[in-house]
Peer 1: 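Structure in structure tokens, see below.
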Amino acid sequence: MESASSPSGASAHPVPAEGTQTPSGPSTRMSAAQVRSLPLNGASGIVPLARDFTRQALYDWGWLPASTADRRAAAEDVLLVVSELVTNACLHAEGPESLRVASDGKVLRLEVTDRSGGEPAPRTPHRAGRPGGHGMFIVQRLCLDWGVARTPEGGGQSAGKTVWAELAAPA
């Protein structure tokens, strides 16, 4: 990925490839991460598929079943953010290419990759009573941080981006 931006000024943090671990250091928060990847290009029922995939990861990683209301709310926030990111890729970016979910035990990172050059942003001013335009506002409100990492053109691939979001693991 070529460049990254974040509304809070932080840079994007790379997520290791599935089944790998990244050494700790200042360039990554996801050291020793558990990672799951789901190809979405051409799939049907993409939003429910992405939610079910993420829900299974949350079960496997001990977030679910939730033992407290706070833990249940944290898992529901993750599923809502996945829905919003994937839906935005469907509506504004010709569909998502893939979903990655990673957890290091403290932070859960979601990444949705697409081939669009568009830049997601919360609609401002946010108008709660109007339909549409709430997706990135929800992501901004629920996440510790979020941003966009650009994918360079090359190797027969068109340029695109990865929209990432990070949520705190339940206590």
Peer 1: Working note: N88 + V139, criterion side chain to side chain contact (heavy atoms under 4.5 Å, CB included); need CA distance, chi angles, decisive distance, verdict.
Peer 2: CA-CA 11 Å; N88 276 355; V139 170; 5.9 Å; no
Peer 1: Taking all non-hydrogen atoms of both residues, which atom of A93 and which atom of S116 are closest, and how far apart?
Peer 2: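 Closest approach of A93 to S116, heavy atoms only: CB-CB, 3.4 Å.
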Peer 1: How long is the straight-line distance from OG1 of T87 back to NE2 of H92, given to the nearest 0.5 Å?
Peer 2: 9.0 Å
Peer 1: Apply side chain to side chain contact (heavy atoms under 4.5 Å, CB included) to L99 and T54, showing your working.
Peer 2: CA-CA 9 Å; L99 166 67; T54 304; 3.6 Å; yes
Peer 1: Which atom names give the shortest non-hydrogen contact between G95 and D114, and what distance separates them?
Peer 2: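 Distance-wise, the nearest heavy atoms are O-CB, 3.6 Å.
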Peer 1: For the pair D60 and R36, evaluate side chain to side chain contact (heavy atoms under 4.5 Å, CB included) and give the outcome as yes or no after the intermediate values.
Peer 2: CA-CA 11 Å; D60 293 346; R36 303 273 173 97; 2.8 Å; yes
Peer 1: Could you measure the distance from the CD atom of Q34 to the OG atom of S103? Nearest 0.5 Å is fine.
Peer 2: 5.5 Å
Peer 1: Salt bridge check: are R115 and E97 linked by an N-O gap of less than 4.0 Å?
Peer 2: yes
Peer 1: Find the distance between CD (Q140) and NE2 (H134) and round it off to the nearest 0.5 Å.
Peer 2: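 Reported to 0.5 Å precision, the distance equals 14.0 Å.
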Peer 1: Do R51 and S83 come close enough that some side-chain heavy atom pair is under 4.5 Å?
Peer 2: yes
Peer 1: Do NZ/NE/NH1/NH2 and the carboxylate oxygens of K161 and E111 come within less than 4.0 Å?
Peer 2: no
Peer 1: Let me see the working for R150 and E119 under salt bridge (Lys or Arg N to Asp or Glu O under 4.0 Å), right down to the final yes or no.
Peer 2: CA-CA 10 Å; R150 295 278 164 213; E119 185 82 20; 2.3 Å; yes
Peer 1: Side chains of L40 and L49: does their closest heavy-atom pair fall under 4.5 Å?
Peer 2: yes
Peer 1: Evaluate the criterion side chain to side chain contact (heavy atoms under 4.5 Å, CB included) for residue pair M136 and R141; output intermediate values, then yes/no.
Peer 2: CA-CA 8 Å; M136 293 312 294; R141 295 290 295 232; over 6 Å; no
Peer 1: Of L110, L80, I138, which meets side-chain contact (heavy atoms from CB on, under 4.5 Å) against L85?
Peer 2: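 Exactly one option meets the side-chain contact (heavy atoms from CB on, under 4.5 Å) with L85, and it is L110.
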Peer 1: Give the minimum heavy-atom separation between R100 and S37, together with the two atoms involved.
Peer 2: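 Nearest pair, atom of R100 first, then S37: NE-OG, 3.1 Å.
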Peer 1: Do L91 and W146 belong together in a cluster built from hydrophobic side chains that touch within less than 4.5 Å?
Peer 2: no
Peer 1: List the atom of L64, the atom of A75, and the distance in Å for their closest heavy-atom pair.
Peer 2: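 In this case the closest contact between L64 and A75 is CD2-CB, 3.6 Å.
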Peer 1: Just by distance, with hydrogens left out, do D52 and Q56 show a side-chain donor and acceptor under 3.5 Å apart?
Peer 2: no
Peer 1: As an exercise, state the distance from SG of C143 to CD of E166, rounded to the nearest 0.5 Å.
Peer 2: 8.5 Å
Peer 1: Would you call V101 and L108 a side-chain contact if the rule is heavy atoms closer than 4.5 Å?
Peer 2: yes
Peer 1: From the options L144, V81, D145, select the one residue that forms a side-chain contact (heavy atoms from CB on, under 4.5 Å) with L167.
Peer 2: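 The option that passes is V81.
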Peer 1: Would a 4.5 Å heavy-atom cut-off, applied to side chains only, mark W63 and R72 as touching?
Peer 2: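 Sidechains of R72 and W63: no contact.
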Peer 1: Quick check: do P120 and V148 have side-chain heavy atoms less than 4.5 Å from each other?
Peer 2: yes
Peer 1: Could you tell me whether the side chain of P96 reaches within less than 4.5 Å of the side chain of I46, counting heavy atoms only?
Peer 2: yes
Peer 1: Does R109 make a cation-pi contact with W164, if we ask for NZ or CZ under 6.0 Å from the ring centre and within 45° of the axis?
Peer 2: yes
